[in-house]
Asker: 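Got a structure for you, questions after.
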2 protein chains.
Amino acid sequence: MTGVRETNRTRTTATILSAARREIAEHGGSGLSMRAVARQVGMVSSAVYRYFPTREALVSTMIIESYGNLAAALAEVTATDPAARWRELARAMRAWTLANPHEFQLIYGTPIPGYVAPPETIPAAASAARPFLEVGSRHAVGAFDELRLTAQMGEMTALVAGAQPSGAAAVLAELAALVGMLTLELAGHFVGSADPADHLVEALLDRQVATLGLTS
Amino acid sequence: MTGVRETNRTRTTATILSAARREIAEHGGSGLSMRAVARQVGMVSSAVYRYFPTREALVSTMIIESYGNLAAALAEVTATDPAARWRELARAMRAWTLANPHEFQLIYGTPIPGYVAPPETIPAAASAARPFLEVGSRHAVGAFDELRLTAQMGEMTALVAGAQPSGAAAVLAELAALVGMLTLELAGHFVGSADPADHLVEALLDRQVATLGLTS
DNA sequence: GGAAAGCAAGAGCAGTGCTCTCGGACGTGC
DNA sequence: GCACGTCCGAGAGCACTGCTCTTGCTTTCC
């Protein structure tokens with residue numbers, strides 16, 4: 001019956017995805033091989049194409065999964081004081097990134113050449129950014145209070161009740177700062193200077209809570 | 001005679017590199033194909049391996065070239081007032097990045113899985129960071145003035161006369177912020193919010209000159 | 001029971017990085 | 001002038017890749 005078929009199908013899909021996850025953890029996103037995935041699940045490669053019509057489709061699904069994993073890691077944060085909460089969110093993001101570097105690079109790293117993010121990834125990306133927006137965009141931030149910039153923040157402020165446009169822009173910039181720091185840390189750019197980067201990150205967080213006006 | 005042979009060799013090497021540059025501009029770093037490069041220079045692929053023993057060696061050489069190109073773009077900046085100079089350096093970096101996205105991703109993007117930066121790239125990377133350090137690390141920055149962090153800044157402050165350890169750390173963080181913003185912009189993460197990102201970047205620069213104490 | 005749909009397997013195509021062997025061109029020592 | 005060694009491009013070949021197409025078995029539907 002249909003229900004069972006559906007179940008089998010989604011189960012096989014899940015098996016393939018978890019095998020792909022293991023592959024990516026070892027060889028990175030750009031090194032993901034459909035044939036290697038097939039081998040892991042005990043299929044021949046052409047069978048995998050029944051479930052994912054293309055390598056890119058598999059990767060896209062994994063990107064959405066990874067956004068979900070990151071969002072779940074952020075949801076574990078319990079601190080309520082704004083400054084403390086921002087710090088904990090950032091630390092959780094860093095911890096998740098260091099534990100799952102290839103997943104981080106899947107979502108924030110170099111897109112595979114020719115890759116265009118499918119629209120389904122946009123809400124997934126938003127779910128990872130939302131916790132930061134919720135705690136960080138409550139106050140206006142002077143440096144980001146420029147008309148043509150705040151005019152672009154409509155969709156961002158709609159995500160979060162009580163968000164200030166300039167605050168949302170500032171959060172965007174601070175998220176970019178976080179992503180940049182993690183990118184450079186993962187790529188080893190701090191070797192010879194701020195390596196390990198723990199202290200640099202903590203100083204960044206001090207600066208961020210000050211910039212965002214999260215007095216604690 | 002030896003001199004001529006050397007000349008032929010370096011000329012062929014240069015030809016290969018420029019073909020590889022064109023390939024990367026079109027297909028990205030991870031899509032660089034030794035055979036496609038060979039085709040472009042009218043050789044068979046095995047001949048290319050006389051000049052670059054491995055694909056990774058070709059990429060490494062291109063990474064160093066790209067650092068040089070970025071450093072050259074930064075060297076065009078003439079502003080002398082510290083705040084203006086920081087802004088101009090950042091704008092030059094962004095302009096170079098938008099004009100050469102694949103080269104940017106070559107140096108600051110996801111490393112090819114299994115890739116470890118060869119030691120030759122370290123001075124090349126430093127030459128791109130130096131102009132920012134020179135203008136931005138002259139003042140101490142409170143949020144980055146922590147002992148265990150400033151203790152890591154020895155190599156950085158040695159690069160630049162009169163650099164403050166906390167200022168150098170702050171510059172490192174601000175460079176990461178810049179890289180993060182450019183990474184997200186290139187990957188299309190701002191589509192739907194700060195796209196185009198011009199205004200967000202300008203606001204970021206306002207915030208950066210304030211953080212670094214570059215009163216203008 | 002027969003038609004239809006679902007799905008795994010296998011062969012095959014065009015591409016990849018890389019290796020190895022061959023053969024011609026060239027500079028050098030005698 | 002001739003042999004030697006070194007350089008270097010060409011070609012074949014190996015193991016791999018993403019992806020397609022055909023074949024045949026199994027399960028579901030009526």
Asker: From D/dG18, D/dC8, C/dG17, pick the nucleotide closest to the side chain of A/R35?
Answerer: D/dG18
Asker: So, the side chain of A/R85 versus the backbone of A/A79: is there a donor-acceptor pair under 3.5 Å, distance only?
Answerer: yes
Asker: Checking A/E146 side chain against A/R148 main chain: does a donor-acceptor pair fall under 3.5 Å?
Answerer: yes
Asker: D/dG9 C1' sits how many Å from B/I16 CD1, rounded?
Answerer: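 Interatomic distance, CD1 of B/I16 to C1' of D/dG9: 11 Å.
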Asker: Taking CD from B/E23 and C1' from C/dT16, how many angstroms apart are they, rounded to a whole number?
Answerer: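 After rounding, the gap between these two atoms is 13 Å.
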Asker: Which nucleotide in the set C/dC7, D/dC19, C/dT19 lies at the smallest distance from any side-chain heavy atom of B/S46?
Answerer: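 That would be C/dT19.
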Asker: In terms of side-chain geometry, is the basic nitrogen of A/E202 or A/R87 positioned less than 4.0 Å from the acidic oxygen of its partner?
Answerer: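 Between A/R87 and A/E202 there is no salt bridge, as every charged N stays at least 4.0 Å from the carboxylate O atoms.
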Asker: Any side-chain N or O of B/R50 under 4.0 Å from OP1/OP2 of D/dT6?
Answerer: no
Asker: Please determine whether a side-chain nitrogen or oxygen atom of A/S33 lies at a distance below 4.0 Å from atom OP1 or OP2 of D/dT17.
Answerer: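 Answer is yes, contact under 4.0 Å.
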Asker: Determine, stepwise, if the pair B/T54 / B/L58 fulfils side chain to side chain contact (heavy atoms under 4.5 Å, CB included).
Answerer: CA-CA 7 Å; B/T54 207; B/L58 214 196; over 6 Å; no
Asker: Quick one: is A/T54 getting a side-chain N or O under 4.0 Å of the D/dC19 phosphate, OP1 or OP2?
Answerer: yes
Asker: Nearest to the side chain of B/Y51, heavy atoms from C-beta on, is which of D/dC8, D/dC16, C/dA9?
Answerer: D/dC8
Asker: Base, sugar-phosphate or nothing for B/L58? Non-hydrogen atoms, less than 4.0 Å.
Answerer: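 It contacts nothing in the nucleic acid.
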Asker: Please report, rounded to the nearest Å, how far the C1' atom of C/dG17 is from the CZ atom of B/R39.
Answerer: 13 Å
Asker: With nearest nucleotides of DNA chain C determined for B/Y49 and A/V48 from heavy-atom distances, which residue corresponds to the more 5′ nucleotide?
Answerer: A/V48
Asker: Starting at CZ of A/R55 and ending at P of D/dT20, how long is that distance when rounded to a whole Å?
Answerer: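 In whole Å, D/dT20 P and A/R55 CZ are 14 Å from each other.
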Asker: Round to a whole Å and report the spacing from CE of A/M34 to P of C/dA14.
Answerer: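 One finds 21 Å between P of C/dA14 and CE of A/M34, rounded.
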Asker: Just the rounded figure in Å: distance from P of C/dG6 to CZ of A/R11.
Answerer: 18 Å
Asker: In whole Å, I'd like the distance from the CG atom of B/N8 to the P atom of C/dA25.
Answerer: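 One finds 16 Å between P of C/dA25 and CG of B/N8, rounded.
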Asker: Counting only side-chain heavy atoms from C-beta out, which of D/dG18, C/dC7, D/dG9 sits nearest to A/R9?
Answerer: C/dC7
Asker: Could you please name the option among D/dA10, D/dC21, C/dC18 that lies closest to any side-chain atom of B/S45?
Answerer: C/dC18
Asker: Establish, from distance only, whether the side-chain atoms of A/T211 and A/R207 form a donor-acceptor pair under 3.5 Å.
Answerer: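 Present: a donor and an acceptor within the cut-off.
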